[in-house]
Protein chains: 2
Amino acid sequence: MMSFLDKIFRCDCPVTSAMDIIGDRWTLVVIKMMLLEYKKTFKEFSESDESIAPSILSNRLKMLEKDGFIRKVKVAHNLKTNYYILTEKGLSLSPVIIELAFWSHHNIKRFDNPIVNVKDKTELFNIIIDRYKSNTAVL
Amino acid sequence: MMSFLDKIFRCDCPVTSAMDIIGDRWTLVVIKMMLLEYKKTFKEFSESDESIAPSILSNRLKMLEKDGFIRKVKVAHNLKTNYYILTEKGLSLSPVIIELAFWSHHNIKRFDNPIVNVKDKTELFNIIIDRYKSNTAVL
DNA sequence: ATATATTACTTTTGATTTGATAGTAAAAGT
DNA sequence: ACTTTTACTATCAAATCAAAAGTAATATAT
């Protein structure tokens with residue numbers, strides 16, 4: 001399994017290299033589940049509307065961990081459940097996800113989420129990240 | 001060939017639906033070539049650093065046209081060359097691409113482009129779109 | 001006018017990725 | 001002790017991707 005530290009990029013272009021990392025059908029979707037829907041466990045990801053197959057989910061979680069976007073943690077008195085949480089690097093993708101959400105809201109389908117009404121985007125990023133952090137503070 | 005008007009989305013989520021449209025290794029890369037590098041012809045796309053295969057390029061251009069992101073035009077006195085230009089809908093993706101560029105600049109590889117120094121992003125989007133339009137005004 | 005080069009593709013074929021289904025193993029609940 | 005839950009792994013068919021070669025129309029050079 002490769003992390004993007006040793007990934008061979010198609011070329012030197014930063015945008016293209018970004019697509020080498022997140023340019024597939026699932027990577028940003030899983031990060032979105034975490035960032036905006038506060039999903040944390042394999043089960044929660046599995047049961048989401050997207051119906052991600054367990055083999056794909058397992059693979060993406062491993063990749064995301066290798067690339068440093070997420071961390072896998074356990075809580076005391078529960079040896080079974082793994083909790084996946086976004087790292088600062090994972091959170092750094094929130095502007096991209098939010099721009100995608102805005103774009104989709106205006107071009108594909110309405111987003112029933114108060115975030116589309118916030119005017120100042122920089123402030124919005126902070127709100128979303130703060131919410132995420134308070135939601136995962138216990139972990 | 002399907003356009004996204006009749007595409008079946010995985011679920012109702014706007015972000016996921018956006019990934020159903022642009023979540024692959026090439027779609028945003030081709031749009032980036034147009035928006036930031038002013039590439040316009042099949043030949044120019046083919047000769048770019050990314051080394052896109054002609055079959056993939058052909059397929060993506062068709063999809064992008066079907067989905068209304070680009071238009072294919074010819075100029076007078078040249079029956080051979082096709083020029084592909086971004087529509088308003090295609091240009092509406094520029095905030096997403098620019099956020100990707102910023103993210104990559106800070107997390108993967110430096111972006112040798114003055115855009116990374118512009119402070120106000122809304123203003124930046126306008127600058128990029130204006131530049132693109134003046135560059136394609138003749139078409 | 002003819003030959004060569006250019007542009008824009010399509011076709012073919014093989015490799016890789018995706019995704020549905022089934023199965024396994026350890027921990028937790030009853 | 002038995003059942004359920006959680007977190008996966010394994011298998012395999014289908015879809016997609018990608019490299020290479022081939023084709024066709026237009027444009028340019030001689």
Side-chain angles (χ1 to χ4, degrees), chain A residues 1-2 4 7-11 16 19-30 33-34 38-67 70-85 139, chain B residues 1-4 7-11 16 19-30 33-34 39-67 70-85 139:
Chain A
M1 200 88 45
M2 286 207 300
F4 83 71
K7 196 190 290 276
I8 291 147
F9 295 110
R10 271 175 284 185
C11 65
T16 302
M19 294 309 284
D20 285 335
I21 295 167
I22 58 158
D24 71 280
R25 281 165 56 80
W26 287 110
T27 299
L28 282 188
V29 170
V30 171
M33 291 177 187
M34 300 176 78
Y38 310 118
K39 304 235 163 91
K40 295 170 198 68
T41 65
F42 200 96
K43 185 170 188 278
E44 284 169 346
F45 298 130
S46 291
E47 288 172 348
S48 64
D49 289 344
E50 281 86 356
S51 310
I52 185 169
S55 57
I56 298 167
L57 176 58
S58 174
N59 175 270
R60 290 313 133 114
L61 290 171
K62 279 196 178 72
M63 293 237 196
L64 287 169
E65 197 184 3
K66 269 256 160 94
D67 287 349
I70 65 175
R71 256 179 342 115
K72 190 178 179 177
V73 299
K74 286 200 186 285
V75 293
H77 310 306
N78 186 340
L79 296 176
K80 188 162 52 165
T81 307
N82 291 320
Y83 294 88
Y84 297 93
I85 56 172
L139 299 174
Chain B
M1 199 89 43
M2 285 206 302
S3 104
F4 84 71
K7 196 189 291 275
I8 291 146
F9 295 110
R10 272 174 282 186
C11 65
T16 302
M19 294 308 285
D20 284 335
I21 294 166
I22 58 157
D24 72 279
R25 281 165 53 81
W26 287 109
T27 300
L28 283 188
V29 171
V30 172
M33 290 177 187
M34 300 175 78
K39 303 235 163 90
K40 294 170 198 70
T41 64
F42 199 97
K43 184 171 189 273
E44 285 168 347
F45 298 130
S46 290
E47 288 172 348
S48 63
D49 290 346
E50 281 86 355
S51 309
I52 185 170
S55 57
I56 298 167
L57 177 57
S58 173
N59 175 271
R60 290 313 132 114
L61 290 172
K62 278 196 179 70
M63 294 238 196
L64 287 168
E65 197 184 1
K66 269 257 160 90
D67 287 350
I70 65 175
R71 255 174 349 111
K72 190 177 179 177
V73 299
K74 286 200 186 285
V75 293
H77 308 305
N78 186 339
L79 297 174
K80 187 161 58 167
T81 307
N82 292 318
Y83 293 88
Y84 297 93
I85 56 172
L139 298 173

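Sequence lines set the chain letters: A, B, ... in the order given, protein chains first and strands last, and positions in each chain run from 1.
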Quick check on [N]: is either OP1 or OP2 less than 4.0 Å from any side-chain nitrogen or oxygen of [X]?
| X | N | result |
| --- | --- | --- |
| B:Asn78 | D:dT26 | no |
| B:Arg25 | C:dT17 | no |
| A:Trp26 | C:dG19 | yes |

Expressed in angstrom and rounded to an integer, what is the separation of [X] atom [atom1] from [N] atom [atom2]?
| X | N | atom1 | atom2 | result |
| --- | --- | --- | --- | --- |
| A:Asp24 | D:dA18 | CG | P | 12 Å |
| B:Met19 | D:dT16 | CE | C1' | 16 Å |
| A:Leu64 | D:dC8 | CG | P | 13 Å |
| A:Leu57 | C:dT18 | CG | P | 13 Å |
| A:Phe45 | C:dG19 | CZ | P | 17 Å |
| A:Lys74 | C:dA26 | NZ | P | 13 Å |
| A:Arg10 | D:dC17 | CZ | P | 11 Å |

- request: Return the set of residues passing salt bridge (charged side-chain N to carboxylate O under 4.0 Å, His left out) with A:Glu65 (not counting sequence neighbours), or none when no residue passes.
  value: none
- prompt: Is A:Lys74 reaching over with its side chain to a backbone N or O of A:Leu79, donor-acceptor style, under 3.5 angstrom?
  reply: yes
field: Under 3.5 Å donor-acceptor, A:Lys40 side chain and A:Tyr38 backbone
entry: yes
task: Could you check whether B:Ile56 gets within reach of a base, just the sugar-phosphate, or nothing at all, counting any heavy atom under 4.0 Å?
output: base
- prompt: With sugar-phosphate meaning primed atoms plus P, OP1 and OP2, does B:Arg60 contact a base, only sugar-phosphate, or nothing at under 4.0 Å between heavy atoms?
  reply: sugar-phosphate
With side chains defined as the heavy atoms from C-beta onward, is the minimum distance between [X] and [Y] less than 4.5 Å?
| X | Y | result |
| --- | --- | --- |
| B:Arg10 | B:Met19 | yes |
| B:Met63 | B:Thr27 | no |
| B:Ile52 | B:Val30 | yes |
| A:Phe42 | A:Leu61 | yes |

query: the helix from C:dA1-D:dT30 to C:dT30-D:dA1: angle between its terminal axes, five pairs each, to 10°?
result: 20°
Tabulate atom names and distances for all N/O pairs under 3.5 angstrom spanning the protein and nucleotides 3-9 of chain C.
from, atom 1, to, atom 2, distance (Å)
C:dT6, O2, B:Lys80, NZ, 2.9
C:dT7, OP2, B:Lys43, NZ, 3.0
C:dA8, OP1, B:Asn82, N, 2.9
C:dA8, OP1, B:Asn82, O, 3.3
C:dA8, OP2, B:Phe42, N, 3.3
C:dA8, OP2, B:Lys43, N, 2.8
C:dA8, O3', B:Asn82, ND2, 3.4
C:dC9, OP1, B:Lys72, NZ, 3.2
C:dC9, OP2, B:Asn82, ND2, 3.0
C:dC9, OP2, B:Tyr84, OH, 2.1

